[in-house]
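Report on the structure given below.
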Amino acid sequence: GNFLAADRHFELAVNATGPARQADYVANAAFSKYLQGASTEADRLLTRALSMDRNSPMALLRSAQVALYKGHLDIVSEMLRRCSGISARTLTFGRAEQGMCQLLISIDKHLREVQEGGE
């Protein structure tokens with residue numbers, strides 16, 4: 001994909017929106033950075049998103065996804081637990097993202113069972 005254009009889009013979205021949605025856009029920008037291989041920048045942006053709104057469902061979901069890809073299951077569980085407890089839908093966090101959260105909870109549970117030897 002065109003990551004440069006995506007980065008510009010996220011920057012414009014963050015600057016054009018109010019504080020309530022900024023965390024969502026910063027979290028999505030972080031995920032884009034992670035997909036580009038900029039793991040350190042992604043971590044920085046996820047921390048920023050969660051500092052803007054510690055209950056942003058998108059920031060929690062994106063943090064869980066990145067942590068899962070990195071194999072940090074302890075972080076995954078916490079983020080997914082918090083994310084699944086939030087029922088609010090926003091412009092960037094709808095049914096698909098709620099479904100992704102539930103899917104990641106199932107994957108996390110399976111990986112934990114495998115780690116404990118109880119496939």
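Just so you know, these numbers come straight off a predicted model, no measurement behind them.
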task: Please round to the nearest 0.5 Å and tell me the distance separating atom CG of D53 and atom CE of M58.
output: 12.5 Å
message: Nearest 0.5 angstrom please: I75 CD1 to L80 CG, how far?
response: 11.5 Å
message: Taking R112 first and then E116, would you say they form a salt bridge - that is, a charged N and a carboxylate O separated by under 4.0 Å?
response: no
message: Is there a side-chain contact (heavy atoms from CB on, under 4.5 Å) between L111 and L68? Walk through the geometry before answering.
response: CA-CA 10 Å; L111 290 175; L68 181 66; 3.6 Å; yes
query: Partners of D43 by side-chain hydrogen bond (donor to acceptor under 3.5 Å, both in side chains), sequence neighbours excluded?
result: K70
- prompt: Can you name the nearest heavy-atom pair linking R54 to L60, along with the distance?
  reply: O-CD2, 4.0 Å
Atom of A23, atom of A59 and distance for their closest heavy-atom approach: O-CB, 4.5 Å
- request: Working to the nearest 0.5 Å, report the span between CD1 of I107 and CD of Q65.
  value: 9.5 Å
task: Write down the atom of C83, the atom of C101, and the distance for their closest heavy-atom approach.
output: SG-SG, 3.4 Å
- prompt: Which pair of heavy atoms, one from A64 and one from M79, lies closest together, and at what distance?
  reply: CB-CB, 3.8 Å
- prompt: Is the shortest heavy-atom distance from the side chain of L104 to the side chain of V76 under 4.5 Å?
  reply: no
task: For side-chain contact (heavy atoms from CB on, under 4.5 Å), just list the numbers for D108 and I105, CA-CA rounded to whole Å, side-chain angles, deciding distance to a tenth of an Å, and then say yes or no.
output: CA-CA 5 Å; D108 178 55; I105 288 171; 5.7 Å; no
field: CE-CD distance between M52 and Q22, expressed to the nearest 0.5 angstrom
entry: 4.0 Å
- request: May I ask you to decide whether E78 forms a salt bridge with R81, counting only side-chain N to carboxylate O separations under 4.0 Å?
  value: no
- prompt: What do the steps show when you test Q98 against Q102 for side-chain contact (heavy atoms from CB on, under 4.5 Å), and what is the final call?
  reply: CA-CA 6 Å; Q98 288 174 329; Q102 294 304 314; 5.9 Å; no
message: Tell me the closest heavy-atom pair linking S63 and L50, and the distance in Å.
response: OG-CD1, 3.5 Å
Listed partners of S56 passing side-chain hydrogen bond (donor to acceptor under 3.5 Å, both in side chains), at least two apart: D24
Whether Y69 and Y34 hold their rings parallel, tilted or perpendicular, with breakpoints at 30° and 60°: parallel
